There are 2 protein chains.
Amino acid sequence: MKCKYALKALVVLAAAEDKMPSKAIAKKAKVPEKFLEAILTELKKNGAITSERGAFGGHRLAKPPAKIMVGHIIRAIDGMLAPVSCASTFYYKKCRDCTHEEVCVIRHAMLEVRNQLSDKLDGMSVQNLLDMSPKQKQKIFW
Amino acid sequence: MKCKYALKALVVLAAAEDKMPSKAIAKKAKVPEKFLEAILTELKKNGAITSERGAFGGHRLAKPPAKIMVGHIIRAIDGMLAPVSCASTFYYKKCRDCTHEEVCVIRHAMLEVRNQLSDKLDGMSVQNLLDMSPKQKQKIFW
DNA sequence: CATATTCCTATAGACTTTATAGGAACAAAG
DNA sequence: CTTTGTTCCTATAAAGTCTATAGGAATATG
Ligand code: FES
Ligand code: FES
């Protein structure tokens with residue numbers, strides 16, 4: 001959910017012409033307001049969005065949507081992509097139940113899976129998401 | 001963990017010449033005994049293994065290891081492969097926060113991810129896992 | 001009957017998920 | 001300088017999932 005909400009928020013922001021307050025994003029994305037607030041904070045920490053406080057404040061993308069990668073966002077919100085920690089590049093952690101990591105068949109298999117997954121996810125931008133929407137004036141994304 | 005343990009158990013069984021009691025599998029796979037017991041029950045329900053009760057009982061693969069697919073096992077143990085339920089073939093469930101599923105950009109993107117993932121996982125058998133192990137007499141898989 | 005094993009049910013601690021609540025800090029407008 | 005609309009921060013909490021452990025009934029073998 002959290003990840004999905006984050007991506008939805010980014011798509012909404014990418015489609016918006018100006019900055020938006022979290023309340024407005026929540027409405028468009030159909031996401032619980034206060035929950036989204038927390039997610040936006042994480043996205044900000046991650047460098048995907050910027051924000052302005054006070055009246056008429058709001059959030060906007062920190063970079064062009066083509067440069068915000070889905071894989072990057074998922075890692076920031078959900079953590080590792082790999083099915084097992086020993087196969088993760090960014091969140092590596094040794095497996096308790098394996099003594100010879102170099103020959104571990106599970107790890108080898110999951111490395112392949114991770115590669116496939118990260119290739120796909122790191123090659124997919126928020127712009128790409130936007131482009132998947134059928135062209136129409138009243139933009140409905142979901 | 002559960003999924004990993006399940007795959008490990010299957011690899012152990014695939015490498016074994018005869019049926020094995022859960023205790024022995026647990027030792028080889030370095031997995032908690034009682035936990036593994038529960039997992040083996042699930043694998044049996046799923047049709048991947050068979051078992052014999054009583055003294056000198058044990059577990060064995062129900063089919064040749066080349067016909068036991070990793071994707072199938074993961075679905076049985078972990079549930080859906082897809083990142084979102086609306087993109088799952090076997091565990092489909094509508095998203096509360098989306099009203100127009102047909103045009104949902106998140107869903108479209110996640111369908112692609114799911115396809116990539118299931119292609120990989122459904123094309124990978126327990127035999128394939130076994131083959132990833134470097135050839136040596138004392139078989140150490142992890 | 002003794003032993004080895006699967007199978008079944010219940011329990012439990014720790015953690016994660018999915019939020020909600022309340023209010024402090026901040027900025028702009030009147 | 002007060003009102004209003006925001007972000008930002010902290011705390012709380014219900015429900016669910018994960019990772020096991022415990023105890024014993026049912027079953028098969030010798
Ligand atoms: S080393 Fe991680 S699964 Fe074996
Ligand atoms: S329909 Fe499932 S994410 Fe939109």
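All values derive from a computational prediction rather than experimental measurement.
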What's the [atom1]-[atom2] distance between [X] and [N], to the nearest Å?
X	N	atom1	atom2	result
A:Phe56	D:dG5	CZ	C1'	8 Å
A:Met1	C:dT20	CE	P	14 Å
B:Asp97	C:dA19	CG	P	9 Å
A:Lys30	C:dA19	NZ	P	14 Å
B:Leu13	C:dT6	CG	P	11 Å
A:Glu33	D:dC8	CD	P	16 Å
A:Leu36	D:dC8	CG	P	12 Å
B:Ile39	D:dA20	CD1	P	8 Å

Distance-only donor-acceptor test (3.5 Å): side chain A:Lys19, base D:dG5: no
base_contact_polar (C:dT6 base, B:Arg53 side chain, donor-acceptor, <3.5 Å): yes
Think [X] has a side-chain N or O under 4.0 angstrom from the OP1 or OP2 of [N]?
X	N	result
A:Ser51	D:dT7	no
A:Arg60	D:dT7	no
A:Lys34	C:dG22	no
A:Tyr5	C:dA19	yes

Sugar-phosphate only, base, or nothing, as touched by B:Glu37 at under 4.0 Å among non-hydrogen atoms: base
Touch class at under 4.0 angstrom, heavy-atom based, for B:Lys44 against every strand present: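 Touches sugar-phosphate only.
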Other residues, nucleotides, ligands: >12 heavy atoms within 6.0 Å of [X] [atom1]:
X	atom1	value
B:Phe56	CZ	no
B:Lys63	NZ	yes
A:Lys4	NZ	yes

Passing candidate, side-chain hydrogen bond (donor to acceptor under 3.5 Å, both in side chains) with B:Arg75, options B:Asn46, B:Thr89, B:Asp122: B:Asp122
Residue pair A:Gln127 / A:Asp131, side-chain donor-acceptor N/O under 3.5 Å: yes
First of B:Arg96 and B:Thr41 reached from the 5' end of DNA chain C, by closest nucleotide: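 In this pair, the answer is B:Thr41.
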Closest nucleotide among D:dA28, C:dC7, D:dT19 to the B:His59 side chain: C:dC7
A:Phe35, nearest nucleotide to its side chain (from C:dT6, D:dT6, C:dA19): C:dA19
